[in-house]
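Order of the sequence lines sets the chain letters (A, B, ...), proteins ahead of strands, with each chain counted from 1.
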Amino acid sequence: APLVSVTSLPPPLPLPRSFLLKSLEQVRKIQAGNSVLLEQLCATYKLCHPEELVLLGHSLGIPQASLSRCSSQAQQLTKCLSQLHGGLFLYQGLLQALAGISPELAPTLDALQLDVANFATTIWQQMESLGVAPTVQPTQGAMPTFTSAFQRRAGGVLATSHLQRFLETAHCALKHLVQP
Amino acid sequence: APLVSVTSLPPPLPLPRSFLLKSLEQVRKIQAGNSVLLEQLCATYKLCHPEELVLLGHSLGIPQASLSRCSSQAQQLTKCLSQLHGGLFLYQGLLQALAGISPELAPTLDALQLDVANFATTIWQQMESLGVAPTVQPTQGAMPTFTSAFQRRAGGVLATSHLQRFLETAHCALKHLVQP
Amino acid sequence: GHIRLSVPIVRLGDPVMASCTISPNCSKLDQEPQILWRLEDGPNQPGDRQQRLPDGTQESIITLPRVNLTKTFVFCLVPWGNSFQVLDQAELQAGYPPASPSNLSCLMYLTTNRLVCQWEPGPETHLPTNFTLKSFRSRADCQYQEDSILDCVPEDRQNTCSIARKHLFLYQNMVIWVQAENALGISESPKLCLEPMDVVKLEPPELQALDGSRDLVPRQPGCLWLSWKPWEPGRFMQQECELRYQPQLRGANWTLVSHLPSSEDQFKLCGLHRAPVYSLQIRCIRSPLPGLWSSWSPALQLRPTI
Amino acid sequence: GHIRLSVPIVRLGDPVMASCTISPNCSKLDQEPQILWRLEDGPNQPGDRQQRLPDGTQESIITLPRVNLTKTFVFCLVPWGNSFQVLDQAELQAGYPPASPSNLSCLMYLTTNRLVCQWEPGPETHLPTNFTLKSFRSRADCQYQEDSILDCVPEDRQNTCSIARKHLFLYQNMVIWVQAENALGISESPKLCLEPMDVVKLEPPELQALDGSRDLVPRQPGCLWLSWKPWEPGRFMQQECELRYQPQLRGANWTLVSHLPSSEDQFKLCGLHRAPVYSLQIRCIRSPLPGLWSSWSPALQLRPTI
């Protein structure tokens with residue numbers, strides 16, 4: 001059964017079911033760690049409203065990744081995988097830039113960063129197996145620099161809430177692929 | 001009551017009873033630690049016969065301290081205290097030269113060395129209180145150097161068995177002073 | 001936006017002043033935005049006054065008359081569309097300077113070869129407060145300082161610290177005290193003058209019943225035969241011991257036998273008739289040199305000969 | 001005097017040769033002293049042969065045909081007056097090379113985020129033997145090596161080592177094995193190929209009885225109402241659970257209910273009549289991805305409705 005119903009495109013690639021199941025599990029694992037981090041930032045530093053940090057996010061230059069090619073309407077598998085990898089790679093770098101955020105949050109942040117990096121690797125290796133990986137891995141763009149503890153914490157709130165939205169889209173797309 | 005009965009000498013110095021009691025206790029404490037070290041050297045390295053190491057002791061140059069002025073026949077208090085201090089000072093240096101003898105013996109050796117050093121200080125301070133201390137503390141002479149683990153262990157057997165005999169004499173002399 | 005506090009750590013109940021400044025080149029904002037403040041989860045409120053500095057910077061100043069929380073997050077915000085945007089956040093801590101630590105006491109342990117001191121830290125300061133056990137060696141009267149000993153830093157939140165053998169002269173006086181320090185001040189406990197061996201904590205000897213069936217012990221009615229040996233690590237110390245015994249009857253009192261030697265191979269306790277079973281305990285003290293009583297040995301239950 | 005051993009560490013049962021030499025400038029001795037040997041506490045004995053070397057050195061050689069002790073002190077002595085003097089001592093060790101460690105297995109723990117591996121070290125070697133858990137990351141088939149992971153060194157005498165999260169790719173295969181090494185040789189265990197998450201050790205859910213008095217649960221005879229939620233750290237995993245129950249009667253067997261979901265708010269178990277009290281336990285496994293069964297939950301004792 002075809003996975004997508006868009007015509008005039010190359011035929012859909014067969015993604016192994018185990019890859020999809022493992023990816024879904026990784027999404028949920030990262031979502032769980034991410035939620036813990038958001039709750040800790042709210043409880044410890046009273047930073048509970050990401051919508052109040054939009055202006056700061058702009059001035060710090062906190063980036064956001066898109067998953068437009070993974071929406072169920074116009075799913076283009078190769079491009080979706082590539083966007084998924086690119087986004088995870090971006091957030092992994094962003095989480096790394098938050099290092100030193102606070103001793104209490106460090107274990108959660110470190111674990112989250114590793115989970116995101118591992119997931120990005122899983123996706124990349126699948127792209128390689130399918131022969132759709134670019135010849136060179138993308139390199140990380142410039143990351144925001146934080147000049148105060150508050151900026152780092154606010155950056156943490158923004159990065160985790162962006163990642164949360166990214167993962168919701170990714171989960172939906174993967175779910176659609178595993179049970180078409 | 002005079003402490004010694006030798007005539008034609010300056011009158012005996014009054015040694016505080018608490019100094020004598022504390023000195024006796026320190027002698028017994030060092031004797032106990034010393035015995036443990038001797039037993040450990042025998043049990044661990046089968047070096048149970050100091051009399052078989054005389055030749056080695058000569059060639060290594062393991063020194064021995066005298067307490068001739070503390071014998072009950074001709075006790076000369078100032079000279080006895082000075083010999084006691086000198087001997088303890090010598091053995092403390094010798095025990096220090098044994099450092100690295102073996103990981104198992106190190107705690108016992110370290111404790112013993114500290115007890116001997118502390119006892120030497122007690123004696124020296126008493127000599128100062130009596131006004132009979134020389135103006136400069138003695139300095140340590142050349143200590144044997146050991147070129148093998150066996151030499152160091154054999155040196156340990158010799159040093160501890162010399163110290164044991166020295167302490168027996170000291171105990172006897174102090175006992176005589178505390179109960180004339 | 002940038003918040004400055006007059007002091008970041010204050011005494012509880014003291015006032016604190018905060019200023020929030022917005023530089024004029026913050027292009028996304030109005031030229032003269034209204035600066036608002038928020039404490040913890042509280043409502044947004046204006047400052048006491050807002051002014052424009054010569055360089056165009058907007059500054060709002062607020063005075064918090066009494067700081068009642070030990071930790072407060074202070075936010076500086078501006079209106080933005082229908083909502084607000086946080087520009088900066090500062091953390092304000094409050095507490096008390098440390099009181100003098102009290103009840104400092106030390107015990108010398110022969111098994112670990114450590115002098116262990118404990119103290120009471122005094123009332124909660126609500127601030128990170130460091131305790132340090134300080135000491136120096138001295139002559140008999142504790143008036144003069146010889147070598148000072150390395151500071152002893154207790155493990156996290158323990159009101160106890162132990163000085164290792166290598167820093168001690170066991171038979172020489174030392175002066176010991178505790179220093180408490182936090183961001184609001186320093187205080188010291190009263191100083192203790194002691195010779196480590198004079199506060200040695202011995203263990204009691206092990207009390208043993210002598211087997212009544214041995215020929216060595218002739219049977220005699222109403223008696224108990226005992227033996228004890230000093231606790232091994234304290235064997236080099238001259239000690240004096242005391243024994244207490246009590247018939248196992250309701251309301252019975254202990255009877256004390258004092259001035260016993262530290263070692264007995266065959267000790268006879270007679271004149272026991274009132275009960276079938278007696279409890280016995282022994283404890284010892286360094287003597288005639290100063291010392292502390294050991295705890296009582298575990299009770300031995302014995303039946304006197306008939 | 002100086003002892004030289006042909007080898008300082010040998011296989012148990014192997015022979016070893018020792019020589020003791022005395023230089024001619026050892027003035028306190030005879031020119032040609034008789035060199036004697038002593039093993040441990042044994043008697044003094046002459047060597048196999050004694051010779052004078054061209055430079056005047058005396059040399060005695062002894063062969064120990066079979067070394068039967070794991071540790072032997074060898075002494076070289078000379079007669080001296082009525083007794084003997086020790087000139088040198090050497091320590092001879094004996095044992096076996098390590099066997100291949102066996103039964104290597106690993107579990108991934110989600111609370112500590114560590115992959116814990118254990119193994120059996122094989123028979124005693126009598127020599128200091130170092131075990132090292134070695135590993136590298138690989139692709140699906142475990143044929144190719146990607147990054148190698150830092151060696152994991154177990155704590156003293158523990159046959160277990162744990163690899164921290166930062167060295168792991170949880171969803172990628174890795175190759176793991178144990179290397180044993182002592183003075184007599186090196187050996188390796190068979191290699192394990194696994195993906196850490198496939199050996200995750202989940203904890204069972206907490207099984208709870210639903211209060212029968214609540215309106216939500218209509219009373220119906222011979223039934224039990226239960227609920228469970230997955231163990232929190234494993235909640236992100238798709239799981240399948242199974243329940244077992246047993247009437248509390250002598251000789252009763254467990255009844256199994258399989259293919260249950262990992263979470264149930266209101267699970268009804270009916271048709272229970274034979275006993276007044278039932279024991280119930282639940283366990284779960286990652287599914288459909290590979291996993292290991294959790295242990296059974298602690299038993300819940302429940303009385304069916306009448």
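Listed for the C:Gln89 side chain is no donor-acceptor partner under 3.5 Å among the backbone atoms of A:Phe150. A distance-only check finds no donor-acceptor pair linking the side chain of C:Glu91 to the backbone of A:Tyr45 [under 3.5 Å]. In this structure, the side chain of C:Glu40 does not engage the main chain of A:Lys46 through any donor-acceptor pair within 3.5 Å.
Around atom CD of C:Glu155, no more than 12 heavy atoms belonging to other residues, nucleotides or ligands sit under 6.0 Å away. Other residues, nucleotides and ligands contribute over 12 non-hydrogen atoms within 6.0 Å of the NZ atom of C:Lys191. Residue-environment remark: CZ (A:Arg28) exceeds the threshold of 12 foreign heavy atoms within 6.0 Å.
One distance of note links CG of C:Asn82 with CD of A:Glu51; it measures 12.0 Å at 0.5 Å rounding. To the nearest 0.5 angstrom, A:Leu56 atom CG is 8.5 Å from C:Asp88 atom CG.
Considering every non-hydrogen atom in both A:Leu55 and C:Gln85, the closest pair reads N-OE1, 2.7 Å. Of all the heavy atoms in C:Phe73 and A:Thr44, the pair that sits closest is CE1-O, 3.0 Å.
Neither the backbone nor the side chain of C:Ile3 has a heavy atom closer than 4.5 Å to any heavy atom of chain A.
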